[in-house]
2 protein chains.
Amino acid sequence: MTSGGHQPPVLSDVAALAGVSISTVSRVLTGRTPVSAALREKVQAAVAELGYRPNAAAQTLVSGRRSTVAVLARNTLRYGYAATLQGIEEAARAAGYVVSIAVVESEAPRDLDRAVDLVLSQSLAGAIVVEFDSLGVRTLEALPDALPVVAAAGARRRPGPRPHAFLDDQAGGEEATRYLLGLGHRTVHHVAIPSTRPRSGRTWGWRRALESAGVERPEVVQASYDPDSGYAAGLALVDDPSVTAVLCGNDELAIGVMRAFAERGRRVPEDVSVVGFDDQPFARMWSPPLTTVAQDFVDLGRRTLGMLARWVETGERPEDSAAQPTLVVRESAAPPRG
Amino acid sequence: MTSGGHQPPVLSDVAALAGVSISTVSRVLTGRTPVSAALREKVQAAVAELGYRPNAAAQTLVSGRRSTVAVLARNTLRYGYAATLQGIEEAARAAGYVVSIAVVESEAPRDLDRAVDLVLSQSLAGAIVVEFDSLGVRTLEALPDALPVVAAAGARRRPGPRPHAFLDDQAGGEEATRYLLGLGHRTVHHVAIPSTRPRSGRTWGWRRALESAGVERPEVVQASYDPDSGYAAGLALVDDPSVTAVLCGNDELAIGVMRAFAERGRRVPEDVSVVGFDDQPFARMWSPPLTTVAQDFVDLGRRTLGMLARWVETGERPEDSAAQPTLVVRESAAPPRG
DNA sequence: TTGTAGGCGTTATCAA
DNA sequence: TTGATAACGCCTACAA
């Protein structure tokens with residue numbers, strides 16, 4: 001079939017129109033080999049006239065050069081995940097990579113297999129796993145060793161087979177706890193999120209701060225991620241008069257805790273101080289505006305992609321990379337009464 | 001080079017191990033042509049032993065079958081965008097498509113070109129444009145006619161060259177306004193979001209409801225998307241005693257409006273009713289819980305992908321598809337005083 | 001039912 | 001500097 005139809009133009013069409021060989025067209029397109037100015041211009045004109053675009057499949061087949069990076073995540077909607085994805089995409093676009101996404105729907109092995117199969121059905125330069133939850137750990141294990149994979153992690157973990165960029169939430173938990181202690185609170189209670197490990201980094205940070213202050217360490221109230229679970233945790237704390245300051249594992253938990261206190265007539269921050277974690281967008285709009293530990297997820301995404309890109313391009317496995325959260329002081333924490 | 005190195009196995013490796021020809025392996029893999037049980041088992045064993053995976057580039061090169069869908073959007077983090085993306089990804093995964101994303105950073109032509117170039121550098125089955133803003137309209141125009149493209153739109157628009165799935169926010173605006181009128185309010189004020197057209201669908205719905213009730217139509221307060229802009233709008237309304245009910249173009253605006261009222265001592269819903277739009281996750285957690293028009297963005301994403309998939313698979317251009325928002329009554333709206 | 005051979009669109013190697 | 005030509009990995013007529 002001659003290419004007169006409505007097929008997209010290919011290299012030979014351009015070559016024919018420009019009156020040169022296919023190799024010459026390829027050379028001006030790749031730019032790696034010199035071509036005389038005269039021919040180059042003819043070729044460029046033909047490319048423009050035909051609206052030619054290289055066939056990606058053919059390119060990666062012959063050159064082996066891959067330019068898509070897959071992101072595997074449990075979720076793409078919750079704030080931390082979505083912000084990390086944004087950072088990855090932004091950095092990828094700047095570096096010339098396309099990002100594809102695959103969510104791992106549940107703990108069920110078939111969901112993991114499904115996502116991994118789909119991801120590996122592409123020609124990948126590498127992959128990023130968002131490892132904010134235990135499913136991330138399993139996803140990491142399901143990926144072939146030959147593929148460059150970097151984890152975007154919510155907490156430091158011991159150096160493993162795969163490099164990771166992470167947010168040092170232990171430092172954040174410690175800073176927030178010290179801040180509350182510095183305000184004059186006798187101790188700080190803690191409502192914890194689930195973790196990839198027995199305890200989350202922020203929970204460790206809270207423990208360390210209490211211990212180094214030589215202060216009593218209350219029982220941890222274990223919760224999930226959502227406000228309802230924070231509400232239940234709040235109810236468990238509200239009748240205890242020794243509770244004057246609460247560090248929550250994330251902002252949504254903090255919202256739920258605050259609602260439970262409000263319903264029982266304990267005012268924030270007058271009666272009890274509440275500090276969140278993450279600095280989600282609604283935190284600053286809350287009443288009272290929420291004091292919280294800000295984690296820069298967008299930057300985490302950028303760094304993760306940067307590590308992966310360097311790995312792919314230089315062949316050198318990157319070092320783990322940490323970033324420090326920062327406490328954002330707003331109005332939900334104050335000195336205790338009296 | 002013989003394939004003894006650490007290269008991934010290819011068809012010929014499998015064929016050699018199984019003691020059959022390459023085509024036989026290909027046949028058992030594609031399943032379109034019958035193969036004797038004996039050989040089929042040998043091949044499957046060899047595939048498993050080698051951990052063989054087909055090379056995607058070679059497959060799409062020879063077969064022309066594409067299985068990636070690109071999503072172009074202004075943003076991936078804001079609620080509506082992220083939820084739509086979630087729906088797209090979910091439906092795509094179920095249908096065997098991979099989704100890749102490209103954000104169009106700004107109105108600058110070079111940002112549009114950059115995103116479009118990156119997207120078109122892949123072998124695409126089709127594309128989806130998230131058309132919640134005016135940049136979406138321009139993105140749609142920048143894509144080649146030959147590519148199947150479906151828009152995920154925030155509002156109905158006149159049928160155009162490309163099919164779209166949309167949320168009928170005009171109906172939502174009308175319902176919310178009628179609800180407030182039904183509560184006994186003399187009229188309803190409106191704080192509007194920007195729109196792809198001179199007026200957003202929800203603004204039209206608000207107008208229609210007021211007109212058909214034969215009620216005075218106040219000036220629209222034009223705002224942006226964020227709480228700060230809602231706060232400014234709230235300040236513009238707070239001193240007007242005729243303001244007893246406000247319909248906001250989205251939930252974040254509603255938050256800002258409520259804060260402005262709270263600061264000036266006007267209570268919600270006792271003194272003034274506020275209704276939002278979208279039903280973002282924080283809406284139900286607010287104090288008071290926000291009455292708002294829920295839009296199912298996840299479903300929008302699913303429908304959009306469904307349309308695109310049918311188009312790609314059957315060759316028939318799909319019809320436009322609408323979904324109705326629903327009013328979620330919570331506690332931020334009530335009958336007027338007295 | 002099975003194997004052989006040709007070609008998908010591009011890059012890279014080799015002569016000229 | 002340019003042009004043939006041989007891969008890249010796979011699918012699919014066509015022949016056996």
Side-chain angles (χ1 to χ4, degrees), chain A residues 1-3 5-44 46-47 50-67 120-125 146, chain B residues 1-44 46-47 50-67 120-124 146:
Chain A
M1 188 203 306
T2 36
S3 56
H6 266 203
Q7 306 299 322
V10 297
L11 227 37
S12 61
D13 298 322
V14 177
L17 181 60
V20 300
S21 72
I22 292 182
S23 346
T24 299
V25 179
S26 176
R27 286 191 190 102
V28 349
L29 258 17
T30 58
R32 269 185 285 281
T33 323
V35 172
S36 69
L39 290 194
R40 191 175 342 131
E41 278 164 29
K42 275 202 217 169
V43 168
Q44 282 161 344
V47 164
L50 260 28
Y52 169 81
R53 279 181 183 277
N55 178 310
Q59 277 182 320
T60 96
L61 176 60
V62 65
S63 71
R65 208 174 9 268
R66 274 103 222 252
S67 58
L120 296 180
S121 76
Q122 314 165 73
S123 297
L124 290 183
Chain B
M1 189 202 305
T2 36
S3 55
H6 267 203
Q7 306 299 321
V10 296
L11 227 37
S12 60
D13 298 320
V14 178
L17 182 59
V20 299
S21 74
I22 291 181
S23 15
T24 298
V25 179
S26 176
R27 284 197 267 262
V28 348
L29 257 18
T30 60
R32 270 184 284 280
T33 321
V35 172
S36 69
L39 290 194
R40 190 171 346 127
E41 278 164 28
K42 275 202 218 169
V43 168
Q44 282 161 344
V47 165
L50 260 31
Y52 169 80
R53 280 180 182 277
N55 177 310
Q59 274 181 321
T60 97
L61 177 60
V62 66
S63 71
R65 210 174 7 268
R66 274 106 223 254
S67 58
L120 296 180
S121 76
Q122 314 166 73
S123 296
L124 290 183

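All values below were derived from every heavy atom in this structure, side-chain atoms included, with hydrogens, water molecules and symmetry-related copies excluded.
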Pair up each side-chain donor or acceptor in residues 25-37 of chain B with any protein partner under 3.5 Å, not counting sequence neighbours, and list the distances.
residue : atom : partner : partner atom : Å
B:Thr30 : OG1  : B:Ser26 : O            : 3.1
B:Thr30 : OG1  : B:Arg27 : O            : 3.4

Each nucleotide of nucleotides 9-16 of chain C classed B (base within 4.0 Å of a protein heavy atom), S (only sugar-phosphate) or -, in 5' to 3' order, makes BBBBB---
- Are OP1 or OP2 of C:dT2 and a side-chain N or O of B:Thr24 less than 4.0 angstrom apart? no
Closest heavy-atom pair, A:Leu61 versus B:Leu61, reported as atoms and distance to 0.1 Å, is CD2-CD2, 3.3 Å
Between B:Pro8 and B:Asp13 the two heavy atoms that sit nearest each other are O-OD2, 4.3 Å
Looking only at heavy atoms, the pair that brings A:Ala57 and B:Ser123 closest together is N-OG, 3.5 Å
When rounded to whole Å, the CG to C1' distance for the pair A:Leu39 and D:dG3 reads 11 Å
Partner of B:Leu17 under side-chain contact (heavy atoms from CB on, under 4.5 Å), picked from B:Leu50, B:Val43, B:Val47, is B:Leu50
